[in-house]
Amino acid sequence: MAAASLLLPSYPYFNRKNQEGLNLETPGGVQAPSHVHFRKQSIKLYVVPRRIITHVCGVRCFTSDSSLELGSSNKEDGVSVSSKPQSVSRFKTMLPGSSNSIDAMNDLERQLQEYFMKVKSLIKVGNLVGAIDLLRANYNAVKKQIDTGVKGIEQAAMLDVITLGFMAVGDLEYVEYLLEMLNEIVVTLKNEEPLLDSVLMHMGSMYTNLGKFEEAMLVYRRGLAILEGLFGKSSPYLVTPLLGMAKVYTSIRRASKAVEVYNRAITIIETSRGAESEDVVMPLLGLGNLLIKEGKAADAQHSFGRILRIYTDLYGESDGRVGVAMCSLAHALCAKGDIDEAIRLYRNGIKVINDSKFLALDDELVEKMRIDLAELLHVAGREDEGRQLLGECLLITEKYKGNEHPNLVTHLINLATSYSRSKNFTEAERLLRSALQIMRKTVELNELNEQSISIPMLHLAVTLYHLRQDDEAEHLALEVVLIREEAFGKDSLLVGEALDCLISVQSRLGKDDEKVLGLLNRVLSIQEKELGYDSEEVMLTLKKVVFYLNKMGRKDEKLLLQRRLSMLRTRYKQIPY
């Protein structure tokens, strides 16, 4: 489990009123930071696995799937596989100078796809060294041609596939370098070049993954213009660049523009392939996700409901795809506030998936669904049912990955959070100590960054505070502060939440008021910078600062902050939760 997966923001399911029922209380009555929500591997809504979706772009684009593999110099499925440098001589035939004939382009596309599948196969079996060797060997071959001034579509297409390979390997720094080289060639090519639209689509996807949204939009727009020129403005071939553009608009928070582009894609598919075509699922899904983020749950419900009807009509009620669609619709219903119906749909959806064996028990998507349902059950006050699901997640992970796998930490923390909510802090402590032990071993093996250990450590500090084991709680909180200061900087919000816990512990231990007030002012400064001067978190910290100023007899400072606190209280009283 990557370290980052433990630091995901809380799932944006609930309005503030519902969230209050789930948050673990930190010492002193201040709600814990968002990391005390039940942890998941992803915060996106469910996407039916790619192998199920019919690709609207047809066969024009060579695959850009992100899982990979490469083999030895034997035969696999009738295809010669070679990861040695001698593959350079073979792939010289892939770069036939300036030939743009249809036959040559078809052959080039076939060879590129074959090559990429070899890279995929190596990565899939864990042979990253072999994959990188093959990628670099062919990069060296095409680089020699580029250095001699040969910069045609053949070189661009080969660089594109090599860049996709490094993207799959995870070498993002090298991907960025290759994209710069690829772009220098692409900008010189005419739109009439065959395969250029495919190259542009891949570039757009990679730029988006790197967070280079301006560059992504430029190549998507050019690709869209090429396809419009070839097939007209109503062709289903346009859906691929349109979905890419919609994703970019979503990422740069231009929601209205993203909705417009999604709707255009939907209209194109409806017109060319029918309103009940499976191809309409992807744009409907993207639109639904966006509408959820924009707080338009009713509109999102329409999108997900339509996906459910399409899959039900095509495959029947017992198909696993229907189960996945049920869970996405459940999410929209939850955002809308219909908790009971959302729970019912989640239960039915997970049952359909399990009965159909559409996904494995330990599949990350199914795991996420169980956690989402468990969270909903806690919101509805059905904590025992929710805890049972969290326990299932733990047992399944233990069975498939072993009893010391770092993925167990997520489930141990979730169970501990549930027990803490029920005031069973003793059981929560046991679970958190187990989580901390696993994390320590993982960090020692250099499988995770050291800062990852601060998550169960802070949870344990809060739990020990509730058990009045203040000395150990203080020690852990101090350690978390130091770890996070080194990892994220002294003004990080993650440091602020650790300081918040430390303040409450030291306050009960009777530590020097001046020292505690200094820590409070530091938390206040962090919150003002990261969350805004008028945030609710700032109001809660101001309340503590005013309390200490009053206790220390510093009336002038207190009066100044008390006016500000009064204004914030008035503001938040007027907000309906």
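None of the values given here were measured: they were computed from a predicted structure. The first residue in the sequence is number 1, and the count goes up from there.
- Partners of S272 by side-chain hydrogen bond (donor to acceptor under 3.5 Å, both in side chains), not counting sequence neighbours: none found.
- Here the closest non-hydrogen pair linking G223 and M201 is CA-CE, 3.5 Å.
- Here the CG-CG distance, from D372 to L377, works out to 11.0 Å after rounding to the nearest 0.5 Å.
- In this structure, the salt bridge (Lys or Arg N to Asp or Glu O under 4.0 Å) partners of E341, at least two apart in sequence or on a different chain, are R344.
- To the nearest 0.5 Å, atom OG of residue S328 and atom CD of residue Q301 are 13.0 Å apart.
- A heavy-atom distance below 4.5 Å is not found between the side chains of L415 and E427.
- Across all their heavy atoms, A416 and A428 have their closest contact at O-CB, 3.5 Å.
- In terms of modelled atom types and a separation under 3.5 Å, the side chain of H302 and the main chain of A298 share no donor-acceptor contact.
- Here the closest heavy-atom approach between residue A157 and residue L195 is recorded as CB-CD1, 4.5 Å.
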Under the side chain to side chain contact (heavy atoms under 4.5 Å, CB included) rule, what do H459 and T417 come out as? Steps first, then yes or no, please. CA-CA 8 Å; H459 276 274; T417 302; 4.0 Å; yes
For residues 167-174, run the donor-acceptor check on the side chains, cut-off 3.5 Å, and write out each pair with its distance to 0.1 Å, sequence neighbours left out.
{"residue": "D171", "atom": "OD1", "partner": "Y174", "partner atom": "N", "Å": "3.2"}

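- For the pair F304 and L345, the minimum side-chain heavy-atom distance is 4.5 Å or more.
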Take I353 and M369 through the test side chain to side chain contact (heavy atoms under 4.5 Å, CB included) and record every step on the way to the result. CA-CA 11 Å; I353 293 168; M369 292 172 183; 3.5 Å; yes
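- The side chain to side chain contact (heavy atoms under 4.5 Å, CB included) search around S235 returns F231, Y237, L238, not counting sequence neighbours.
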Test side chain to side chain contact (heavy atoms under 4.5 Å, CB included) on D355 and S318; report intermediate values, then the result. CA-CA 8 Å; D355 290 348; S318 60; over 6 Å; no
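- Residues forming a side-chain hydrogen bond (donor to acceptor under 3.5 Å, both in side chains) with R221 (at least two apart in sequence, or on another chain): Y249.
- The distance from the CG atom of L373 to the SG atom of C334 is 10.5 Å, given to the nearest 0.5 Å.
- Nearest approach of P241 to Y220, heavy atoms of both residues: CB-O, 3.9 Å.
- At least one side-chain heavy atom of Y315 sits under 4.5 Å from a side-chain heavy atom of E278.
- In this view, R347 and E385 satisfy the salt bridge (Lys or Arg N to Asp or Glu O under 4.0 Å) rule, not counting sequence neighbours.
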Checking side chain to side chain donor-acceptor pair (under 3.5 Å) for the pair Q388/D384: CA distance, chi angles, key distance, verdict? CA-CA 6 Å; Q388 182 180 354; D384 289 340; over 6 Å; no
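- Residues V161 and N138 form no side-chain contact, since every pair of their non-hydrogen atoms from C-beta on lies 4.5 Å or further apart.
- With rounding to the nearest 0.5 angstrom, the CG atom of L164 is 10.5 Å from the CG atom of L112.
- Pairing each heavy atom of T250 with each of K293, the nearest pair is CG2-NZ, 4.2 Å.
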Test salt bridge (Lys or Arg N to Asp or Glu O under 4.0 Å) on R264 and E260 and set out the steps. CA-CA 6 Å; R264 182 184 174 190; E260 178 186 326; over 6 Å; no
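- By the 4.5 Å heavy-atom criterion applied to side chains, E367 and H411 are counted as neighbours.
- Atoms OG1 and CD, from T397 and E364 in turn, are 9.5 Å apart once rounded to the nearest 0.5 Å.
- Between V219 and V186, the closest side-chain pair of non-hydrogen atoms is not below 4.5 Å.
- Side chains of Y115 and M158 form a contact here, defined as non-hydrogen atoms less than 4.5 Å apart.
- With sequence neighbours excluded, the residues satisfying side-chain hydrogen bond (donor to acceptor under 3.5 Å, both in side chains) with R222 are N191.
- In this structure, the side chain to side chain contact (heavy atoms under 4.5 Å, CB included) partners of N354, at least two apart in sequence or on a different chain, are I350, L361, V366.
- Every residue meeting the side chain to side chain contact (heavy atoms under 4.5 Å, CB included) condition with E404, not counting sequence neighbours, appears here in chain and number order: K441.
- For E270, the salt bridge (Lys or Arg N to Asp or Glu O under 4.0 Å) partners two or more places apart in sequence, or in a different chain, are R306.
- In this structure, L408 and L394 have side chains that are in contact, with non-hydrogen atoms separated by less than 4.5 Å.
- A pairwise comparison of heavy atoms in V119 and G165 identifies CG1-CA, 4.3 Å as the closest pair.
- Partners of S422 by side chain to side chain contact (heavy atoms under 4.5 Å, CB included), not counting sequence neighbours, listed by chain and number: E383, R387.
- With sequence neighbours left out, E215 forms a side-chain hydrogen bond (donor to acceptor under 3.5 Å, both in side chains) with no residue at all.
- A donor-acceptor pair under 3.5 Å links the side-chain atoms of N263 to the main chain of V259, judged by distance alone.
- Rounding to the nearest 0.5 Å gives a distance of 14.0 Å between CE of M217 and OH of Y207.
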Check against side chain to side chain contact (heavy atoms under 4.5 Å, CB included), M206 and D160: CA-CA 10 Å; M206 289 185 281; D160 174 41; 3.8 Å; yes
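- Looking at I266, L224, L227 one by one, the single match for side-chain contact (heavy atoms from CB on, under 4.5 Å) with L242 turns out to be L224.
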Yes or no on salt bridge (Lys or Arg N to Asp or Glu O under 4.0 Å) for R321 and D319, after CA distance, side-chain angles and deciding distance? CA-CA 5 Å; R321 284 160 284 210; D319 188 85; 2.7 Å; yes
